[in-house]
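Report on one structure; see the data block that follows.
Residue numbers count from 1 along this sequence.
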Amino acid sequence: MSDTETQDAAASADPTRTSAAGSSDAGVVGAGVVGAGRAPALGVRGTLRWLWTQLTSMRTALVLLFALAVAAVPGSLVPQRDVSPIRVSDFIAQNPRIGPLYDTLGLFHVYTSAWFSAIYLLLFVSLVGCIIPRALVYAKALRSPPPRTPSNLSRLPAYATAELSADPADLDDRRVLRAAATELRRQRYRVVAHDGSVAAERGYLREAGNLVFHVSMVFLLLSVAVGGLYGFRGTSVVVVGQGFANNLTQYDDLSTGGWFSESQLRPFTIDVTDFRVAFETGPVQTGAARLFELDTMVTDRPGAPPYAATVEVNKPVRVDGTTVHLIGHGYAPVVKVTDGNGDVAYSGPVVFLPQDGNFTSLGVVKVPDGRPERLAFEGIFAPTAKIDDRGPRSIFPDALDPALYVNVWTGPPKTETGRPENVYSLDTTGLTQLKDAEGDPLRILLKPGTSFTLPDGKGTIEMTGVTRWVKLQMSDTPAIRAVLGAIVAAVIGLCLSLFVRPRRVWARVQTKADGSRLIEIGGLDRADARAGLDTDVADLATSVSTPDQHQRKQSR
């Protein structure tokens, strides 16, 4: 029946339908057929069911997965506040128009923003809603036998026949069907014998692979969420010869999940005993790093004996569940400052931050306790120093000829406010820069073991030596093994769904009017590709129609 005939039949069976094409007053309806052309209202329950159906469809899940990938792009392009709050502040200061807009949209904390979380949760719900009905259908399919043999096998995509022996005693119908069933079982089909035919099916692992993939995605989302909520990552700069204790006050910066608590920080300590560094000195790749080895003594819990551990780049150590990485290093000149009263106001290493590959470093020496005036020094440290038209700088990353260049600021003692300050920058509010006789800023060059007396009896500064510092990253991501396991399971499930071919095969013995007999084999490939199905069906027909060939296969 054509589409036109179908529509005409439906129209004749329903007297309330009116053809708009056959009436010039299509908009006028009688009182008895008000709203006859309108779809019935879904209602609240129907609307919710429709929304649920749309949300749990495979198309929606794929769209949400793509949306999640796109939503994660700003997190790699825009600085994130939990990773680098200073870069975020600089970005807002440099972009006064779009910076506040980005902040309002949550682009500086993408992975904890409301819109990213909404996509994440919708994807999770979509996957769960997709998995449950499919799992029920699959469980029912596992219990169901292969479908009965169709009445006309020749209509199947793959079809083959083979003549049988005219003598029923030579190869009767039952023996032929048993041979077909045996061969299909050998090919890992599930076989059911019917009267006069055999039905077989295989490829159940394809849908199992789909389910494994989707379940793995759910566990992956859950594991990532657990890691994001309970995980933490922080860094601390530690001078060689000093140590780190795993508590909040020891971190220079710390980013944590929303449900993180301080009790998750394990009470371990790490003492940095030595740091070995080597750089290439030959003509090829001069200055390239060749060795970074950090020797430590680790105490993984209070009262436990310390043990030695070596940390290298990309070779972290784990301490009571916390991973410790070596992510940076630099120099810390050891400085001694005597104030105007002749007292030692500061003595110790000062961390200088490298600015280039040769470790030209900037730093600040703050002496707030100096009396009668407080002192401060801004400086450049060069491990292998050189002064040219570019100013003081380092020409090699190793400490071959270290030098410290500083200028001096003084001012009255500052009232303590308790506000935190950046230890790597100097706020010159209330300070005056010392100048030389020509009126230029006073510049001081210090080498290890040398000192300089400040003018007007303001004190002295001495560089007693040079040491190194390392930057350690401590992190813990709960459920990280679950993430890896989910990824492996997802790959296995995807391979099963791609390479397993679900097929159905039927075999029947047919007797013609002239008394001749033939074996009919029909096959249906339930996957998109039918590669090899025609050949397999033809080989099966030939195999079971030839007794000698079938016996040889059985003997294998």
Side-chain angles (χ1 to χ4, degrees), residues 134 137-211 493-556:
R134 290 185 66 171
V137 172
Y138 180 63
K140 183 178 179 180
L142 288 178
R143 297 192 301 268
S144 302
R148 298 184 66 87
T149 306
S151 58
N152 193 344
L153 293 179
S154 62
R155 294 184 177 179
L156 294 176
Y159 177 71
T161 60
E163 293 287 343
L164 297 177
S165 172
D167 185 3
D170 184 25
L171 196 63
D172 59 49
D173 295 356
R174 293 181 180 179
R175 290 179 59 188
V176 171
L177 295 178
R178 283 199 301 269
T182 301
E183 178 63 20
L184 289 170
R185 289 192 182 95
R186 190 184 69 83
Q187 297 178 16
R188 295 185 175 86
Y189 281 85
R190 190 169 67 176
V191 181
V192 175
H194 301 289
D195 292 337
S197 66
V198 169
E201 185 174 8
R202 76 176 183 186
Y204 293 93
L205 287 179
R206 180 185 181 89
E207 182 61 19
N210 286 328
L211 291 174
L494 186 61
C495 291
L496 290 175
S497 64
L498 291 177
F499 298 113
V500 173
R501 296 175 179 174
R503 285 181 177 177
R504 288 173 178 170
V505 176
W506 295 272
R508 176 193 291 135
V509 175
Q510 184 178 10
T511 303
K512 295 183 178 180
D514 58 0
S516 63
R517 298 179 306 138
L518 57 84
I519 178 72
E520 287 185 298
I521 306 292
L524 175 64
D525 200 331
R526 300 176 64 193
D528 295 335
R530 287 177 45 203
L533 178 60
D534 295 329
T535 303
D536 291 347
V537 168
D539 289 346
L540 179 61
T542 303
S543 172
V544 299
S545 65
T546 306
D548 294 339
Q549 184 175 355
H550 173 64
Q551 290 174 1
R552 285 196 298 270
K553 286 192 174 184
Q554 280 188 322
S555 64
R556 296 177 187 173

To the nearest 0.5 Å, what is the distance between CZ on Arg501 and CG on Asp525?
7.0 Å
Partners passing side-chain contact (heavy atoms from CB on, under 4.5 Å) against Ser154 (at least two apart in sequence or in another chain)
Asn152, Tyr159
Would you compute the distance between atom OG1 of Thr182 and atom CZ of Arg178 and round it to the nearest 0.5 angstrom?
8.5 Å
Can you name the salt bridge (Lys or Arg N to Asp or Glu O under 4.0 Å) partners of Arg174, sequence neighbours left out?
none
With sequence neighbours left out, write down each residue that passes side-chain contact (heavy atoms from CB on, under 4.5 Å) with Arg185, or none if nothing qualifies.
Ala181, Val191
Kindly compute the distance separating CG (Leu524) from CG (Leu153), expressed to the nearest 0.5 Å.
11.0 Å
Which value, rounded to the nearest 0.5 Å, describes the distance between Asn210 atom CG and Leu205 atom CG?
11.0 Å
Does the Trp506 side chain pair with the main chain of Pro147, one donor and one acceptor, at a distance under 3.5 Å?
yes
Grab the two heavy atoms, one from Tyr204 and one from Ser144, that are nearest each other, plus how far apart they are.
OH-O, 4.3 Å
Considering all heavy atoms, the nearest Arg190-Pro146 contact:
O-CG, 3.4 Å
Closest heavy-atom pair, Ser197 versus Thr149, reported as atoms and distance to 0.1 Å, is OG-OG1, 2.9 Å
For the student: nearest non-hydrogen atoms of Ala538 and Ala160, plus distance:
CA-CB, 3.8 Å
What distance separates Leu164 CG from Arg175 CZ, expressed to the nearest 0.5 Å?
11.5 Å
Applying side-chain contact (heavy atoms from CB on, under 4.5 Å), can you list everything that pairs with Arg143, at least two apart in sequence or on another chain?
Ala139, Lys140
Taking every non-hydrogen atom, the tightest pair across Ser497 and Arg206:
O-NH1, 2.9 Å
Note: Val198 and Leu177 closest approach over all heavy atoms is CG2-O, 3.7 Å
Go through the structure and list residues passing side chain to side chain donor-acceptor pair (under 3.5 Å) with Thr161, not counting sequence neighbours.
none
When rounded to the nearest 0.5 angstrom, what is the spacing between CG in Asp536 and CG in Leu184?
10.5 Å
By salt bridge (Lys or Arg N to Asp or Glu O under 4.0 Å) - contacts of Arg202 (at least two apart)
none
Are the side chain of Arg503 and the backbone of Ala200 linked by a donor-acceptor contact shorter than 3.5 Å?
no
